[in-house]
Amino acid sequence: MSVTQQSLSQQAIDLENEYGAHNYHPLPVVLQRGEGVHVWDVEGKKYYDFLSAYSAVNQGHCHPKIVNAMHEQAKTLSLTSRAFYNDILGKYEKYASEYFNFDKLLPMNTGAEAVETALKICRRWAYEVKGIPENEADIVVCENNFHGRTTTIISFSNDPVARDNFGPYTKGFIKIEYDNLSALEKTLENNKNIAGFLVEPIQGEAGVYVPSEGYLEKAKALCEKHNVLFIADEVQTGIARTGRLLATCGNCNCENKDCSGTPEVKPDILILGKALSGGAYPVSAVLANDPIMKVITPGSHGSTFGGNPIAAAVAMAALEVVREERLAENAFALGELFREKMNDYIETSTICKLVRGKGLLNAIVINDSEDSDTAWNICLRLRDNGLLAKPTHGNIIRFAPPLVMTEAQLLACVSIITETLKEFEK
Ligand SMILES: *Cc1c(COP(=O)(O)O)cnc(C)c1O
């Protein structure tokens, strides 16, 4: 790397440090361009992207079909606000509702907004349909959840970094252990005022924790028994990431029959974001059937940008790409291969303890204490070796490449990862 080249990266980093709030701690790499599974830095070095913007870029960087849809719509009509109708929102709502097998969709922009929307729908439903006394509805959530960054959402986080000194916190949430059915059962039995159960089918941010087989189905059955809404946050796990269109694939209409063991759960409320736009634009959505969605009435909820024409065009194209390119099937097959190859390596490894995940949402656990910087240092070396990933929590590294990857590319990436890990073996 020459001195001028180095200074290009450093200039960009210095600018962010000086003029941007310090709410992130990025890996030191400055990206300039992306295409498919690759990104390039300002010095022209090429990398495999193994984070995919936290699974927003499932369809690959700058997918031509998505970019074209955005470009065409941007030239035609970008924003009307919902004060008026536009000629594409309804088409998108029909397309996405049928795609995921729900009656209706409520469009928002970011994942956190969609989670907030789901919580509001759930509370309204509690008072207006279930009949819980005013202001007494509780929503059950899981420990180590990640649902976004708003004041209400961080109120039920247990991550001190996300939460400390942002109080007072929003009331009405009960936290139970993830993947613990008896905790859920006890909570539902002991409290008549529970409106919903909000859960991630796999806890991505927490470190790609996959619950026990049958957990989601049984949790859904418990919710049904107690007339409680099962709310699936599939912002990260959805849109083919885990080898099905949805990780709770009861609604997914997916043609992939090659993935037995995937839970067939139909959430009452489904939350999507991230890859709903293929990473091209902030697009999120809440889907539900009429008896639930009807609690939303004119004026009761909204967003200036939610459901804007560009978002509608982009989301339709992004969902078409998932079907046309059979991304769920590809994620399923490559995920099996990835874990098989990583497990082969781990058998003889002391630095890497295990690999876990579904489809192409995976993580490895590094054999060191949670507050060590080993995982961070491994990510720096992965970067040097042409692959970008980042620790989630402490000693866990998430691997989530775009789903448009080929088998040959995946095997090349496994080599980069295992060769890098070898540098850290004791
Ligand atoms: C990323 C994420 C969110 C929040 O999405 P934003 O677009 O960052 O607001 C919510 N839930 C899950 C599971 C996520 O992974």
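We use all heavy atoms of the structure for the numbers below, so side chains are in, but hydrogens, waters and symmetry mates are not.
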Asker: Please determine if Arg398 and Glu205 form a salt bridge, counting it only when a charged side-chain N lies under 4.0 Å from a carboxylate O.
Answerer: yes
Asker: How about Ile13 and Pro28: do any of their side-chain heavy atoms sit closer than 4.5 Å?
Answerer: yes
Asker: Anything under 30° is parallel, anything over 60° is perpendicular, the rest tilted; go ahead and classify Phe156 against Phe173.
Answerer: tilted
Asker: Please answer whether the main-chain N or O of Glu177 pairs with a side-chain N or O of Asn180 as donor and acceptor at a distance below 3.5 Å.
Answerer: no
Asker: Should Tyr178 and Pro211 count as side-chain neighbours, where that means a heavy-atom distance under 4.5 Å?
Answerer: yes
Asker: Quickly, which of Lys120, Arg124, His301 forms a side chain to side chain contact (heavy atoms under 4.5 Å, CB included) with Val295? Name it, please.
Answerer: Arg124
Asker: Are His25 and Trp376 an aromatic pair by the rule of ring centers under 6.0 Å?
Answerer: yes
Asker: Hey, mind stepping through Ile202 and Tyr209 against side chain to side chain contact (heavy atoms under 4.5 Å, CB included) and telling me if it holds?
Answerer: CA-CA 6 Å; Ile202 293 173; Tyr209 286 99; 5.7 Å; no
Asker: Show your reasoning for whether side chain to side chain contact (heavy atoms under 4.5 Å, CB included) applies to Phe197 and Ile231.
Answerer: CA-CA 6 Å; Phe197 174 49; Ile231 308 167; over 6 Å; no
Asker: Using a 4.5 Å cut-off on heavy atoms from C-beta on, say whether the side chain of Ile139 contacts that of Leu119.
Answerer: yes
Asker: Does some side-chain heavy atom of Ser78 sit less than 4.5 Å from a side-chain heavy atom of Asn308?
Answerer: no
Asker: Do Pro107 and Arg82 come close enough that some side-chain heavy atom pair is under 4.5 Å?
Answerer: yes
Asker: Would you give the length of the straight line joining atom CD of Glu143 to atom CD of Gln203, rounded to the nearest 0.5 angstrom?
Answerer: 9.0 Å
Asker: Looking at Tyr47 versus His38, is the centre-to-centre ring distance below 6.0 Å?
Answerer: no
Asker: What's the separation between atom CG in Leu382 and atom CD1 in Ile417, rounded to the nearest 0.5 Å?
Answerer: 6.5 Å
Asker: Can you measure from CG (Asn144) to CD (Glu200) and round to the nearest 0.5 angstrom?
Answerer: 9.5 Å
Asker: Could you tell me whether Lys65 and Glu324 have a side-chain N and a carboxylate O separated by less than 4.0 Å?
Answerer: yes
Asker: Who are the ring pair (Phe, Tyr, Trp, His ring centres under 6.0 Å) partners of Phe50, not counting sequence neighbours?
Answerer: Phe399
Asker: Output the distance between atom CG (Asp344) and atom CZ (Arg339), rounded to the nearest 0.5 Å.
Answerer: 13.0 Å
Asker: Start with the C-alpha distance between Asp233 and Val199, add both sets of side-chain angles, then the distance that settles side chain to side chain contact (heavy atoms under 4.5 Å, CB included), and finish with yes or no.
Answerer: CA-CA 6 Å; Asp233 181 347; Val199 66; over 6 Å; no
Asker: What's the separation between atom CG in Leu245 and atom OG1 in Thr248, rounded to the nearest 0.5 Å?
Answerer: 10.5 Å
Asker: Starting at CZ of Arg149, measure out to CG of Asn23 and round the result to the nearest 0.5 Å.
Answerer: 8.5 Å
